[in-house]
Peer 1: 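Before we start, here is the structure in question, set down as structure tokens.
To find a chain, count down the sequence lines: A is the first, B the second, and so on, and within it residues start at 1.
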4 protein chains.
Amino acid sequence: MGGGRTRRMPRAERERQMLDAAVQIIARHGYAAASMDEIAELAGVSKPLVYLYLNSKDDLFTACIRREAAALTRAVRAAVRSALPADRRLWAGVLAFFTYTAEHPDGWTVLHLQARTHGPRFAAEADAVRAEMTAFVTRLIATAARESPHSRDLPARETEGLAVALIGAAESLADWTNTIPAATAVQAATTLMNFAWSGLGDLMSGEQWTEPVGA
Amino acid sequence: MGGGRTRRMPRAERERQMLDAAVQIIARHGYAAASMDEIAELAGVSKPLVYLYLNSKDDLFTACIRREAAALTRAVRAAVRSALPADRRLWAGVLAFFTYTAEHPDGWTVLHLQARTHGPRFAAEADAVRAEMTAFVTRLIATAARESPHSRDLPARETEGLAVALIGAAESLADWTNTIPAATAVQAATTLMNFAWSGLGDLMSGEQWTEPVGA
Amino acid sequence: MGGGRTRRMPRAERERQMLDAAVQIIARHGYAAASMDEIAELAGVSKPLVYLYLNSKDDLFTACIRREAAALTRAVRAAVRSALPADRRLWAGVLAFFTYTAEHPDGWTVLHLQARTHGPRFAAEADAVRAEMTAFVTRLIATAARESPHSRDLPARETEGLAVALIGAAESLADWTNTIPAATAVQAATTLMNFAWSGLGDLMSGEQWTEPVGA
Amino acid sequence: MGGGRTRRMPRAERERQMLDAAVQIIARHGYAAASMDEIAELAGVSKPLVYLYLNSKDDLFTACIRREAAALTRAVRAAVRSALPADRRLWAGVLAFFTYTAEHPDGWTVLHLQARTHGPRFAAEADAVRAEMTAFVTRLIATAARESPHSRDLPARETEGLAVALIGAAESLADWTNTIPAATAVQAATTLMNFAWSGLGDLMSGEQWTEPVGA
DNA sequence: TATGAATGAGGGTTCATTCAT
DNA sequence: AATGAATGAACCCTCATTCAT
């Protein structure tokens, strides 16, 4: 027996296959309902090999979270790393975010939902990404406020609250967008910017935020 | 706590105790990690009684979700049932929402996180609440837009997207607020209204949204 | 609440209801799969009453077996109690047997199958009936042999074996007959007599079947 | 018996051990009372291995029934496959039958009693064997009747009834024989042939037993 | 006579994990 | 690099049985 599986491949590639399988199954069945058997089978290897490489179910989950967290972080960081005005940097980051969530729905589910619902150890891993994104937005708001003509002074707690709200809005839109077949990352990003930057009040007055040209 | 089970009580009361225990344990350990033994012990009864009354672990979870969903829905509905201007109705609803999440953190966790991560059957139960809240906000935005002096015409999809964003922002703030000991529901509601109603753009210009007096 | 059931009836009648219910459920689901809950519900009483009257599941089963055994024994005994020639007494007994099994299929199943498959304690109860019937047939054969013109002398062991075979044939025909809607007790009895008496008749005449040599 | 589990053996052999253990325990305690723990222990393995190989208690039971059914069927078929006269073929089959029941008393109990008392799914498995044996005897009787000098014409229903009676007599004798230490398969077969063939022989000669009038 | 409330005990099943090769 | 064979531990669930009224 033993036919079918392509054997003897380099460790790095095998690990990637295992993580791919794990992310998919965990996203769809939930971490607890995902069995090592299923994951090993989908990865096309035997269970002991998964243990040899990834050590335990917890470590496997942690590795999944870290990989997806790193991927998202990398994408958003790359988009934001420019020296543009605040709203254009925000736009770039938000677009990168929705692009990632649209292209990696399972990874996004693992990060956003599964990592937060199976104990603090995993939640902590996922929180790092949120914390980074929140910090970025917080700085952005603080800077913008300072640079505004009216130079408002927002208390730190309030600034962070606004950032948390914005991140939550983005997450919610990401989930929603993924349930709508035709929806695109650009649309989601536009909606979020409309909501967040211009504000509903402005929306009412017709002052809609507009996507910066050449982004 | 307090040893010595109080025996022989009417079924309704026992069921409430069981649901209380289940919500607490599921919120803290996760649905999958929550064992019926633990739940029964915290409820102060034997496991068979839990099965006699609630039938199965799945049914118990469903009952928890439904109870918490109904409680949240009831609170928000009651707050919103007035004939006030849009922003004041929104304020009332938002405040009721944050009040509930602050007073029932475990229930909120069950509804917001656990129900969404353990298969579609449970997710569907929790979605009903989100759908209702989203629909409420959607109508609110549509009405406000129509009544605004500039009478903007937002496409339905866009309106719903804005509502989804707002709900997401609220959920995110609710989680965040619950991690900060001193935070109050009023503060969270104010932050959300600042963010959502006035808009960040307005915030920059100093036109802060203000809590309506006498609410 | 509590409506529907006719309450307060004399103990004897209640017990009969309980046994009726138990026999039906045990015959159809098997003793092990029959639950006291089911039985109590079918009997229209609460479980504690079943325990009050019948004491335990084992005792309830024993009572069922005894009741059905007594009924069958009584029917056959009554039919056989005459001073007729051997074949007519056998016919009468056989007919009474098939009449009982046709009219009490559940009772027959309990006696014939359930009582024999759940431990020796119950098997012993049911064996009493078989033993009595076997003994009756054994005596009948012995008598007939002695009275036959050729006056064959069958060894006791052989005589009993023939009786066992006849009883087994009867049991098998009883089961088979119960699966055929139109079949009657008279037909079954006739088939059995054809099979058994003509065969036994030949035995009496000394025409014993002989094992083929070199088989 | 013999402590110290022999470890690491090929799957097929392990499965056989498990079935052996299951047949023994089910025959002696009854299917419902047989616990997977007991079976696993007697087989010298852990419970999970039993589940890994046999899947569930029901499937294990089914596998037992099928194995014993196949063994009995094979033995009888092999004995009967010759082109002998009817009575010699019958003798061969009957002898093979009693040989099997004597050598595999637990298997016989599983097939004859346990399989018939725990729901229709299992009963159907066991019925196949009975059906085959009944069909064989039915054909035998029909053939013999046609070939007899008096060429009696038995209705199909009657022929089948006679076969059912014969099979029942055999089953009954098998049980009885197993309770008598010194009894042999040859003795049981002889008794059955005496009972059945001489009887059938008379039937063939047209000397049918007739129901006494006025009974 | 009769029952709603409650439980000790045990069984089937599954799973993460390891051993021996 | 890779796997077939095997298990300890735990979990969901059910059932016969009893208590208090």
Peer 1: Can you tell me the Watson-Crick or wobble partner of dG11(E), both distances under 3.5 angstrom?
Peer 2: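 In the structure as shown, dG11(E) has dC12(F) as its Watson-Crick or wobble partner.
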Peer 1: Can you tell me the Watson-Crick or wobble partner of dT18(E), both distances under 3.5 angstrom?
Peer 2: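 Pairing partner, where one exists within any strand: dA5(F).
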Peer 1: Can you tell me if the side-chain N/O atoms of Arg14(B) get under 4.0 Å from OP1 or OP2 in dA6(E)?
Peer 2: yes
Peer 1: Considering only dG8(F), dA16(F), dA6(F), which nucleotide approaches the side chain of Ser35(C) most closely?
Peer 2: dA16(F)
Peer 1: Look at the side chain of Glu13(C) and the backbone N and O of Pro10(C), then say whether any donor-acceptor pair between them is shorter than 3.5 Å.
Peer 2: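 Flag not set: sc Glu13(C) to bb Pro10(C) has no pair under 3.5 Å.
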Peer 1: Nearest nucleotide by nearest heavy atom, which residue falls closer to the 5' end of DNA chain E, Lys47(B) or Lys47(D)?
Peer 2: Lys47(B)
Peer 1: In terms of the nearest nucleotide of DNA chain E, which residue is placed more toward the 5' end: Pro10(B) or Pro48(B)?
Peer 2: Pro10(B)
Peer 1: Quick one: label Ala32(A) by what it contacts on the DNA or RNA (base, sugar-phosphate, nothing), any heavy atom closer than 4.0 Å.
Peer 2: nothing
Peer 1: What is the distance, rounded to the nearest whole Å, between atom CD of Glu15(B) and atom C1' of dG4(E)?
Peer 2: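 Atom CD in Glu15(B) sits about 14 Å away from atom C1' in dG4(E).
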Peer 1: With a cut-off of less than 4.0 Å, is there a side-chain N or O of Tyr51(D) near OP1 or OP2 of dT7(F)?
Peer 2: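 Looking at the OP1 and OP2 atoms of dT7(F), neither is under 4.0 Å from any side-chain N or O of Tyr51(D).
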Peer 1: Under 4.0 Å, heavy atoms only, any strand: does Ala34(D) hit a base, just the sugar-phosphate, or nothing?
Peer 2: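 Here Ala34(D) touches the backbone only, sparing every base.
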Peer 1: Return the value, rounded to whole Å, for the distance between atom CG of Leu54(C) and atom P of dT18(F).
Peer 2: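 Nearest whole value for this atom pair: 14 Å.
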Peer 1: Quickly work out the Lys57(D) NZ to dT14(F) P distance and round it to whole Å.
Peer 2: 15 Å
Peer 1: What's the CG-C1' distance between Asp37(B) and dT7(E), to the nearest Å?
Peer 2: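 It is 13 Å, rounded to the nearest whole Å.
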Peer 1: Quick one about Tyr51(D) and Asp59(D) (side-chain donor to acceptor, distance below 3.5 Å, no hydrogens or angles considered), yes or no?
Peer 2: no
Peer 1: Would you give the length of the straight line joining atom CZ of Arg67(A) to atom CD of Glu15(A), rounded to the nearest 0.5 angstrom?
Peer 2: 10.0 Å
Peer 1: For the pair made of CG in Leu49(D) and P in dG8(F), what is the distance, rounded to whole Å?
Peer 2: 11 Å
Peer 1: Roughly how many Å is it from CE in Met36(B) to C1' in dT7(E), rounded to a whole number?
Peer 2: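 Checked: the CE to C1' distance equals 15 Å.
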Peer 1: Just how far is it from atom CD of Glu125(A) to atom CZ of Phe61(A), taken to the nearest 0.5 Å?
Peer 2: 10.0 Å
Peer 1: To the nearest Å, how far apart are Phe61(A) CZ and dA16(E) C1'?
Peer 2: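 From Phe61(A) CZ to dA16(E) C1': 16 Å.
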Peer 1: Between Glu38(D) (CD) and dG10(E) (P), how many Å, whole number?
Peer 2: 13 Å
Peer 1: Charged N to carboxylate O below 4.0 Å: is that the case for Asp175(D) and Arg130(C)?
Peer 2: no
Peer 1: Mind checking Arg11(A) for me? I need base, sugar-phosphate or nothing, with any heavy atom below 4.0 Å counting as a touch.
Peer 2: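 Answer is nothing: Arg11(A) stays at 4.0 Å or more from every strand.
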Peer 1: 5'-most contact on DNA chain F: Leu52(A) or Ala33(B), nearest heavy atom basis?
Peer 2: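 Per heavy-atom nearest nucleotide, the more 5' residue is Leu52(A).
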